[in-house]
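Note on naming: letters A, B, ... go to the chains in the order of the sequence lines (proteins, then strands), and numbering restarts at 1 for each one. As the structure is a prediction and not an experimental result, all values here were calculated from the model.
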Amino acid sequence: MEIKADTDVCIGAGMCALTAPEVFDQSEEEGTVVVLVSPVPEGQEALVRRAVQQCPSGAISV
Amino acid sequence: MTTFPMRRQRPLDPPDEFGVLREQGSMHRMTYPDGHEGWLVTGYGAARAILADNRFSNRTELQHQAIPARAAIAEQFKAQMPDTNRQPGMFLRMDPPEHTRFRKLLTGQFTVRRMKGLEPRIAEITEERLDTMTAPADLVEDFALPIPSLVICELLGVPYEDRETFQRDSATLLSLDGDVGSLIAAYQDLAGYLYGLIAKKRAQPDEALLSGLLDLEDDELLGVAFLLLIAGHETTANMLGLGTFALLTNPAQLALMRDDPSAVDNGVEELLRYLTIIHAGPGRAALEDVEIDGHQIKAGETVTISLPSANRDPAHFEAPDRLDLTRSATGHLTFGHGIHQCLGQQLARIEMRIAFPALLRRFPGLRLACAPSEVPMRSDMAIYGVHRLPVTW
Ligand code: HEM
Ligand code: SF4
């Protein structure tokens, strides 16, 4: 499972980093999404799907 | 045609009318106090879809006001204070790309990681408050209000000694039934205070957030400071006050929050869902014709979204009227959704995750010092909660 992230769309709400902290972080400067690992490691798929569902701006997809 | 339901039958549940409406559908034609025929959104799916859809604008001047007392005041306020219609830094009320510019300036300051960095200081502030409390107490004045006020003051670089000004003014500004004279006075007082503060930061910048924004114009910085200061202390304060009331009247849930550290994070989400303190809006205005859930919304029509109703939609949450700290409350709309989703949500989460268990563990015998029916509810305020919460232990 590959992750696509669009930092122009991201509003830095942090739902991704809160939901799947091993996969998502936020940049220091802008607070926008940083994908730490892709493809998604085994066992993290469900969390990542939930993060995508939770993201308020539609900035991340798998 | 319905009007916006405001009267609650029980203090912790949204007005019953929302449930009746929701059974009929997710969207309803609604007559606004000025005669506008717009919409009321009661269903979870429709609420989420509209909040995520940039064909809906959050600009104040495009929207009709749903709350009768507010509608009358809004008209007078506009007539008497024409220049405040354009509030340069109030990005909550902007659409992209103006909104994006301000939001991107600030998101870096509110990341999950930065907020985690504040944990030790928030824990310290909480313990200091608990040390000063003596029974009986008003939990709002002694605990719920000071903690988030102190935290936001330190974060922004606002002297806490000045709290009387901003607490009083924001209380007036958030009142749903105040008169226009006191509203204007509070606005001018707070704006005057913040302009003075901005001038001080320009002369002598510090490490805090406002000093990091000195590239903005004074008017813009005023709007940002206004928004962050009010949103930053009134919201969490009301969650702490109302949340404690909810726990005291649901002792099994209180015991979970107190005794089971693994229940805290999820328990806070459930309290957020169950209590949904932003209870009168938000509103949006359709910029073009949009179809939602089979309903045709015409350009120019206002939609008012009931977040409490969406969060009690049985199509999304099982047995939604039950407070259950162990359920999955993820996906609740208490912080909104879409591009305006709460900037301060990670801060609010951390404050609550620290403050609720700390309070309950310090005073295991915490109980109400009056009958539940005597607790004065904030039905008259834009942010729901308790005016006072008399407690003892
Ligand atoms: C439990 C506490 C809180 C709740 C329930 C809450 C709720 C909300 C909601 C529903 C919105 C969206 C409004 C809309 O879509 O029209 C919002 C936006 C916002 N909140 Fe909060 N909030 C809370 C705490 C905070 C805190 C602590 C801060 C500041 C540090 C804050 C700052 C903001 C800002 C700046 C916005 C505007 C964001 C934008 O337009 O992009 N909030 N909040
Ligand atoms: S949840 Fe979405 S909007 Fe928020 S930081 Fe992650 S990608 Fe960005």
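Around CD of B:E318, the count of heavy atoms belonging to other residues, nucleotides or ligands within 6.0 Å does not exceed 12. More than 12 heavy atoms of other shown residues, nucleotides or ligands fall within 6.0 angstrom of atom CD in B:E119. The environment of CD in B:E291 is crowded: more than 12 heavy-atom neighbours from other residues, nucleotides or ligands sit within 6.0 Å.
Evaluation of the ring-ring contact (aromatic ring centres under 6.0 Å, His included) rule for B:H233 yields B:F166 as partners, not counting sequence neighbours. Under the rule for a ring-ring contact (aromatic ring centres under 6.0 Å, His included), B:F102 has no partner lying at least two apart in sequence or in another chain.
Rounding to the nearest 0.5 Å places CG of A:D25 at 7.5 Å from OG1 of B:T111.
Residue pairs meeting the salt bridge (Lys or Arg N to Asp or Glu O under 4.0 Å) criterion with at least one member in residues 332-350 of chain B, sequence neighbours excluded, are B:E269-B:R349.
A:T32 is listed as a side-chain neighbour of B:K104, based on a closest heavy-atom distance under 4.5 Å.
Using a distance-only test at 3.5 Å, with no hydrogens or angles considered, no donor-acceptor pair links the side chain of A:Q54 to the main chain of B:T330. No donor-acceptor distance shorter than 3.5 angstrom exists from the side chain of A:E30 to the backbone of B:T107, with no hydrogens or angles considered.
Among the residues in residues 14-21 of chain A, those with a non-hydrogen atom closer than 4.5 angstrom to a non-hydrogen atom of chain B are A:G14, A:M15, A:A17, A:L18.
For chain A, the nearby parts of B:I339 are the backbone and the side chain; heavy atoms of each come within less than 4.5 Å.
The nearest pair of heavy atoms linking A:A13 to B:Q341 is CB-OE1, 3.4 Å. Counting all heavy atoms, side chain and backbone alike, A:Q26 lies closest to B:R113 at O-NH2, 3.8 Å.
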